[in-house]
Each structure stands twice: as C-alpha cells, then as structure tokens.
Amino acid sequence: MTKPLPPVLSRPESDTLQARVDALLSRMTLAEKIGQTHQVDAGGDTISDDLRRAIREGQIGAVINQTNAETCNELQRLAVEESRLGIPLLCGRDVIHGFRTVMPIPLGQAASWNPDLVREAARLSAIEARRNGINWTFAPMVDISRDPRWGRIAESLGEDPYLTSILGVAMAKGLQGDDLSGPNSIAACAKHFAGYGASESGRDYNTTNIPENELRNVYLPPFRALVDAGIATVMTSFSDIDGVPASANAFLLSDILRDEWGFAGFVVSDWDSVRELSVHGITGNDEEAAIAAVRAGVDMEMAGGAYLEYLEGLVTSGRVRMETIDRMAGNILLIKMKLGLFETQCGDPVALPEHGSEAAIEISRRLARESVVMLRNDNEVLPLRAEKLASVAVVGPLADAPTDQLGTWVFDGDPQLSITPLQAIREQAGNRIVVHHALGLRYSRDRDASLFGEALDAARASDAVILFLGEEAILSGEAHSRADISLPGAQAELVQHLRQAGKPLILVIMAGRPLTLGNVLDASDAILFAWHPGTMAGPAISDLLFGLASPSGKLPVTFPKSVGQIPIYYNHRNTGRPPTSKEMVLIDDIEIGATQTSLGMTAYHLDTGHAPLFPFGFGLSYARFDYGCLELSGDVIGPDDVLTVSVNVTNAGDRAGDEVVQLYVRDLVGSLTRPVRELKGFRRVSLVPGEQQTVSFELTARDLSFYRRNKSFGAEPGDFKVWVGGSSAGGLSAGFRLSGTGAG
Ligand code: GLC
C-alpha cells in the first residue's frame, strides 16, 4: 500500500507557540486584528503610497501577486520595521506547477503516479518561489474532476480520491518541507474547498449539487488527507454547493473542517468570493457577506475588502463577537509563526539556488517523461529506430511552442528556459537524421489549411511523421471550459491530409484535459498524450520517441469517446441495469422497424455504447508486463486483520520499462450502492526484460470503510472483490470476505 507520508505539522505543536499567539493578540487593537484578515493584490513594479500607509497602519496581513524579491523584501521591511507591532506579511502566489522552471501541469503530474517525483518537483518549485520572497502558495488543488469540459481539470490530480490524496499530500510536503520554518519551505493551501469540480456542465464557477454521501466519499477525502498531513491553509471555492456558496458554508468550514477534522491552520476565501456571496444572492450586500463569511469560518478575505471595511463596525455593534476576530487573527498568526516569519521574513536571492537550476531542470524532464501516456502503438512503430531512420518530419502547431507547452497557471514560467520538441528532436537527430519541419497549422485553433501542402511535402520526404497537436495553453485552466473537447481548429483534417504520405504517423498531443480523439485515433499509428509537459517538454518527448526511456504514464482521468458521455468515470456505481455487450445494440445495428424493447434494457447510449475511449489507469509501454500468481493471505479477514494481496509482475518484452501496478476493490453489497471498482493502492516498478517482481499490498478494514447512510464512517462485513493490474479495466481478480467479528 502506498502509505500516506508522515504528517509535517501536528496540531499546534506546543503551548509555547499558542502562548506566543495569545500574547501577541493581547497587545493588538481590534483594527490590527482585522488587518491580519485582509489580503490585498500587491502586484506591479512599485509599492503605492496607499499600500505603504496601509501596511504601516497594520491594515494588511497578506499580499498576493508580488514576485520581485526586492519588492517583497521592501513590503516585509515596511511591515516589520514601520508598523506598530512589526507583524510580517504572508506573500502569496499561485505556484501551481512550478515557478520559473515549469513542471508538467498537475493533471500530467498525476499521470506519473509517482508521489516521490511529484514531491521533489514541488520542493524545487518552492525554492524558486521562496528565493523571490514568496512564502505562501495556493496549491495543491485537489478538486476531484470527472468532467473534462471543465478548464480547471488541468490543475487537478484527476478523478480518483485515493490517487488525488496521495499526490496532493506529496505536493504539499514538497512545498512545506519537513519543517515549515525551513529556508526552502512555503505554506501550502488545499483548494478549492469543496466540490468545485462538480460544476454543472463543466462550466467554471457553476452550481454544484452534491449529496452528502457523495461529498464525503468522493470530494472530501483529499482535503482530509491534507489536513491530516498538516496543510497550513485551506481555500474556499467560488461555487455554491447545494445552494450555499462555500465562503458562507458553516457545514463545510466549521462542522467538517474544524469540528470533525481538527484543522489547525487558517481558511482564506478565493478571490473576492466573500463579496460574490451577494452575486450568488445568499446575502444582500457586502456587509452581510462579511458577516456570513466570518460566521461560516473564513479567516482571511482574498481581495474584495469587505472585512476591512465592515468588521470593526460589526464588532462594536455586537453583530460579530470579538472572540471570533481573535480566533481568525490567531489562526493566521499561528501559521506566520510556524513559517518562522517573525525570525526570517525575506526571500534571499543570494542564498537560494538560481532559477532554472540543474536539479529543477532535471526533475522537470523526468516528471514530464513519466507523465506521458502512450495510448496507441500499432505495429510497434515506436520507439523510432534512429539507426534505420534517414529522415523524420516534425509537423504541427505544438512542435515548437515554448509558451504553450507550459500549460495554464504559469504566470512566472520562463519560456526562455523551454526546450521544444523540435529543438530536442534536432538535437537527438544530430547530423545522422534529416529533420523536415513544417507547421501545418500556425496554432491549435487555426482553420487555415494553406500550410497543409508544405506539411504533406515534408511527410512525403521523410521516413516517419511526428505530428504535434493539441490545445494552446489558453484553452484550459480557470474560466476556460469547452463544450466540445475535440482537437480544436483543423487539426483532425491535418491528420487525414498527412495520411496521404503513407508513412508511419505518430501523434504527440499536448492538452490541458482529456480530448475526444475518435476522429484521429484510427488515422494514426501511435499516440503519445503529453498533457502540457512544461519547460522540458522537448527532451522528455524525444527521450520516449527514440526509446531512451519507455512511456510509463497511466491515465489519472477517463477519456470519453464523446462529450455526450460526460460525466464518465471508472469508479461509477453498478446501477440496476448495467450494460453488458450482449444486450447492447448500437445505433447502426438496429433493424428497421425494431420493436420498443428489442434493443435490451440496460444503461448505455445507443450511438456510443457505455465504455470510455480509454479507461482510468490505462497506459501502454515499450515493455510487455505479464501478471501472474495473484495470492491473498486469506479469504476471510476480521475488522482488525491485515489482508496481504500479492502478485507477480514480469517484463515479458525486450525493452526495460516501468509499470504502475494498481490495486482495486469492490464492496459487493453495502448500505449504499458502492462503486464497481475503487483504487486502494499502486506501486511503480521498474523491470528489465525477463525480470519478475512480486508486488504486495496490504488492505485493512479502514481501507474498505466509507461514509454510510447512517452518517457514520466504517467498513461493512460482507464479500469483496479485488483486482490487480495495469489499468482500471481487467486485471487478475479474487474474492475475500470481511467478517464482522474478531480474527477472520
Ligand atoms: C483564482 C483561483 C484560485 C487562485 C486565486 C489567486 O481566481 O480560483 O485558485 O489561487 O484566484 O490567484
């Protein structure tokens, strides 16, 4: 079992720290306490006089979007040296997947299924950010995302609660380090609490309606894992959940986050989402919005200014209690003290490694390489045999796009550091292989086919064609949802056009979401899905194309055949009429005059069936992995027992490769309908040809537990099924029983 990483931050680890907070609060005026709850945008080249004054008067607890080291240090100097109590600032910035050196987008990182690498990438990103004075970031985003129309799926770690929990904790550990007060550590933030990924129709900021058992069994587990791992902050989501926006949702922010989970950090609202409560229509004006957010449990307001404007009057009028303000400011001061900001508040451009360090570049390359998922490789057209290749055509709008390969949320990414696929392939080809480059299309949305001719010429002149397609970075991320998730522009037409050359056609797709690829799948011989791979997209992809490494990524999210199938995800429930192939008549097979009940009465779409294009956990390799000898340590376990599940994995191919071995379970009968499969463990193993490894997992009753209809959390005695394999489809299976009494 991939054990959660040890917690970094215990609850307020000592009375000393809390005593320091209480002592400071006792010296603060009401206005200064309210100042701590106020975060302002401090972006720009200069510090305005108004901002200087507000900091001197203790009206600001945190700034956001200032990324210049000297300016951040001047902001801190103003706070520490020129305000009455010298309380340092939190300097926040979205370091979602890198700072100057850009790592793959989080959805791509999730495809690596490699927590250690994800953690190292976050650690190196934290160092680059801290160097510039940033001490707080708004990551990891752990919204479970089952809808690829949603632009923010790019920032997520996919559709599965277990994988998202493990990787989200790894990212937070990388950011916060083993010691939050360390010189390389920055405070992390679990966002967006909660259920944002369920936005209706995948349209951003949209309504969500999530029954409590779905909320607790699907959307909340990653946040719980982060709270248990000591995340410093939590951010509320923009969205309303069952009619109550998150920033006014006491059930989420107080009952669950504080009372049930014991969260010990502070809650920040998403950008201006406090005042947006009146846009939602849950409050009538900014003052009421401030009251609602304070009472729900929002400690700090990001942008907006309603807290600064109204809280003092609300306290003096008795509508908000002073104890509430003390609690809010105290939660914030506690994190500032855990960060060690009262001792060291500034970034140190000299002491920390240069941006784009060798370590950061190497990790960016490794993580990009391990994030690429090979979806197709007909006739083993990949890897390209350089020794047999005289020429290669490199075509497409994403072959040489140093900014677009970085993906969304890269305000601080440096495209100058990017190495594009065209550059890397030329490097790899040297003077042995001729590289013919042609755009085909100038950008991903381009519909102008005037460059198709020269692209076809390049293809005809080459032994193989590598076509780089996908989405520009702007087509995913916040507020960038799509109702049609096929390749934009005339890209599908370009694929068909190049097929005329009759050469091996390899698609490399960079995108911020799963795409519906049905119209290009059969036209290509191989497909590498690279997400937006970041700074080192080129070397990572070239390594795979030329066989210096084998593709090892596995899908963290289901790929639908058509947008009409959405939502579609692997851990769905069985329904009372699950589709079975023998009962499924597809639209083109329906006889003329077919009678009403002649097609079978099961849950599928007439025109598409029920299966996805590619399932969660899927990914091909140059190696070939055989699974055998699935063994369980018993066929009955008691509530306190440990079930060991082991399997032999053999590399039966002729190339080395990594395999992500996955463990799934199904609770066959429960007090609620249960998913047909749930991921409960995974392990990445490296095998050379002929090598065999025995991979073992441990399952306990806790792993089988869920939030139940009687509103309790626990496992239920009964029969279970277990699978082990390289995807959420298929695999070796066995059964076991969980008994309700002692040892099994
Ligand atoms: C944005 C996002 C949030 C981000 C914040 C600060 O609107 O929703 O994820 O951290 O504002 O940029």
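All ligand and atom numbering here is 1-based and tracks the order in the structure. Computed from a predicted structure; not experimentally measured.
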For this session: For Ile64, counting its heavy atoms only, list the atoms of ligand 1 lying under 4.0 Å from any of them.
Result: 6 (C)
Problem set entry | Charged N-O contact under 4.0 Å between Glu260 and Arg216 | yes
Problem set entry | Proximal atoms of ligand 1 relative to Phe138 (non-hydrogen, under 4.0 Å) | 10 (O)
Exercise. Under a 4.0 Å heavy-atom limit, does His192 contact ligand 1 with its side chain, its backbone, both, or neither?
Worked result: side chain
Problem set entry | Between Tyr569 and Asp160, a side-chain donor and acceptor under 3.5 Å | no
Seminar exercise, completed: atom 2 (C) of ligand 1 sits nearest the protein heavy atom Glu478 OE1, 3.2 Å
Exercise. Do Ser444 and Glu472 have side-chain atoms, one donor and one acceptor, less than 3.5 Å apart?
Worked result: yes
For this session: Taking atom types as modelled, find out whether Asn135 and Arg130 have a side-chain donor-acceptor pair closer than 3.5 angstrom.
Result: no
Problem set entry | Donor-acceptor pair between Asn114 and Glu370 side chains, under 3.5 angstrom | yes
Exercise. Is it the side chain, the backbone, both or neither of Glu155 that has a heavy atom closer than 4.0 Å to ligand 1?
Worked result: neither
Seminar exercise, completed: For atom 6 (C) of ligand 1, the closest protein heavy atom turns out to be Asp94 OD2, 3.2 Å
For this session: Have a look at ligand 1 and work out which part of Arg152, if any, has a heavy atom under 4.0 Å from it: side chain, backbone, both or neither.
Result: side chain
For this session: Classify the contact between Asn65 and ligand 1 as side chain, backbone, both or neither, using a heavy-atom distance cut-off of under 4.0 Å.
Result: neither
Problem set entry | Trp136 six-ring face occupied by Lys338 cation (under 6.0 Å, within 45°) | no
For this session: Say whether Asp143 and His192, considering side chains only, have a donor N or O and an acceptor N or O under 3.5 Å apart.
Result: yes
Exercise. Heavy-atom contact under 4.0 Å between Met235 and ligand 1?
Worked result: yes
Problem set entry | Criterion side chain to side chain contact (heavy atoms under 4.5 Å, CB included) against Arg146, the qualifying member of Ile566, Val218, Val557, Thr558 | Val218
Exercise. In terms of residue, atom name and distance, what is the protein heavy atom nearest to atom 5 (C) of ligand 1?
Worked result: Asp270 OD1, 3.4 Å
Exercise. Hey, which atoms in ligand 1 end up nearer than 4.0 Å to a heavy atom of Lys191?
Worked result: 3 (C), 4 (C), 9 (O), 10 (O)
